[in-house]
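We use all heavy atoms of the structure for the numbers below, so side chains are in, but hydrogens, waters and symmetry mates are not. Position 1 is the first residue of the sequence; numbering continues from there.
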Amino acid sequence: MSIAIPNLDRMNFEELVKEAKSLIPIYNPEWTNHNPSDPGITLIELFAWLCEMMIYRIDQVPDENYIHFLNLLGIKLNDGEDLLSGIRRGVEQLSECTKAVTAEDFEKLAYEAVMSKPGIKEMFPDISVRAICYKNRDLENNITDDEKFGDISIILITEVSDQMKFLKEHSDLKNYVKDYLHERKLLTNRVHVVDPEYQEIRINMQIAADDLKIADTVKRVIEEYLDPIKGGPDKKGWPLGRNFYSSDLYYLVEGISGVEHVIRLELDSPTLKPHQLVKLKLITIEVES
């Protein structure tokens, strides 16, 4: 939310003259002639006119001020470029993430590294990517329980249709992301880029529904909900270390249009460690009308 701009131009000429006249009895009681013909009143009106002009100018932000502010940001207007375009460039420059400081910076830059790797989009036009920053842990060397201050592990999740072809590029891609982040990290950080670690879950359930073909829909909804890139409650990928419970499944399945209720549910879902994700290994659904 931007800061509200105060209005400094709140007094006009008449108000300034009126206020000045009201102070005459206090500071100079002997001054009793307050008519416009009085030289003192003429001076008051003159100063009120000057003051009104100054207040108006104080309330304005001239173009020169914007240009000086842009110069402080290192932005110079190009030949023929208007001020609005320069301001737009300045705002875009301020919003650019060029250095990795926060976890969000690392995730954003890791994603940017994958998508900007030369040739990656041409080879895998359907590639989907999610990067998760796990702070103060060295997952590359399997040090998952001991805190290592300054170590940054980037869990890189990718999905493509041609997995066999992608496997040949996978190791090179991780090294590329690591080098990309290394150039943008703080001096004291140590970056590790690793694959996600999954715990497999199995589901066996029986549901009541009039349409016996609804099993395919239920299966698709569950798979999408558990997707590590696009799933989860907020559809931003399954949360790292978040367990999958029977209550999740009841809520999800019974919310599907056409499903009356869940008759029976068997869920094998191991407890996750903080750096792990869930992966659907097996699902069987029986429909009873």
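When all heavy atoms of Leu265 and Val262 are compared, the pair lying nearest together is CB-CG1, 4.2 Å. When all heavy atoms of Ile154 and Leu181 are compared, the closest pair comes out as CG1-CD1, 3.7 Å. Here the shortest heavy-atom pairing between Phe124 and Phe166 reads CZ-CA, 3.6 Å.
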Exercise for the section: May I have the step-by-step check of side chain to side chain contact (heavy atoms under 4.5 Å, CB included) for Asn204 and Arg202, ending in yes or no? Expected result: CA-CA 7 Å; Asn204 182 10; Arg202 294 169 175 78; over 6 Å; no

Practice task
Might you work through the side chain to side chain donor-acceptor pair (under 3.5 Å) test for Asn243 and Thr271, ending with a clear yes or no?
Solution key: CA-CA 6 Å; Asn243 293 314; Thr271 301; 4.9 Å; no

What donor-acceptor contacts under 3.5 angstrom involve side-chain atoms of residues 24-34, with partners at least two apart or in another chain?
{"residue": "Trp31", "atom": "NE1", "partner": "Asn33", "partner atom": "O", "Å": "3.0"}
{"residue": "Trp31", "atom": "NE1", "partner": "Asp38", "partner atom": "OD2", "Å": "3.2"}
{"residue": "Asn33", "atom": "OD1", "partner": "Asn35", "partner atom": "N", "Å": "3.2"}
{"residue": "Asn33", "atom": "OD1", "partner": "Asn35", "partner atom": "ND2", "Å": "2.9"}
{"residue": "His34", "atom": "NE2", "partner": "Trp31", "partner atom": "O", "Å": "3.0"}

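In this structure, CD1 on Ile44 lies 14.5 Å from NZ on Lys18, to the nearest 0.5 angstrom. Between the CZ atom in Arg10 and the CD atom in Glu15 there is a gap of 10.5 Å [rounded to 0.5 Å].
Comment: Glu81 engages Arg89 in a salt bridge, judged by a side-chain N to carboxylate O separation of less than 4.0 angstrom. Ion pairing between a basic and an acidic side chain is recognised when a charged N comes within 4.0 Å of a carboxylate O; Lys281 and Asp268 show no such pairing.
Looking at heavy atoms from C-beta onward, Val193 lies in side-chain contact with Lys178 at the 4.5 angstrom threshold.
Tracing side-chain contacts under 4.5 Å through hydrophobic residues (I, L, V, M, F, W, Y), one never reaches Val129 starting from Tyr198; they form parts of separate clusters.
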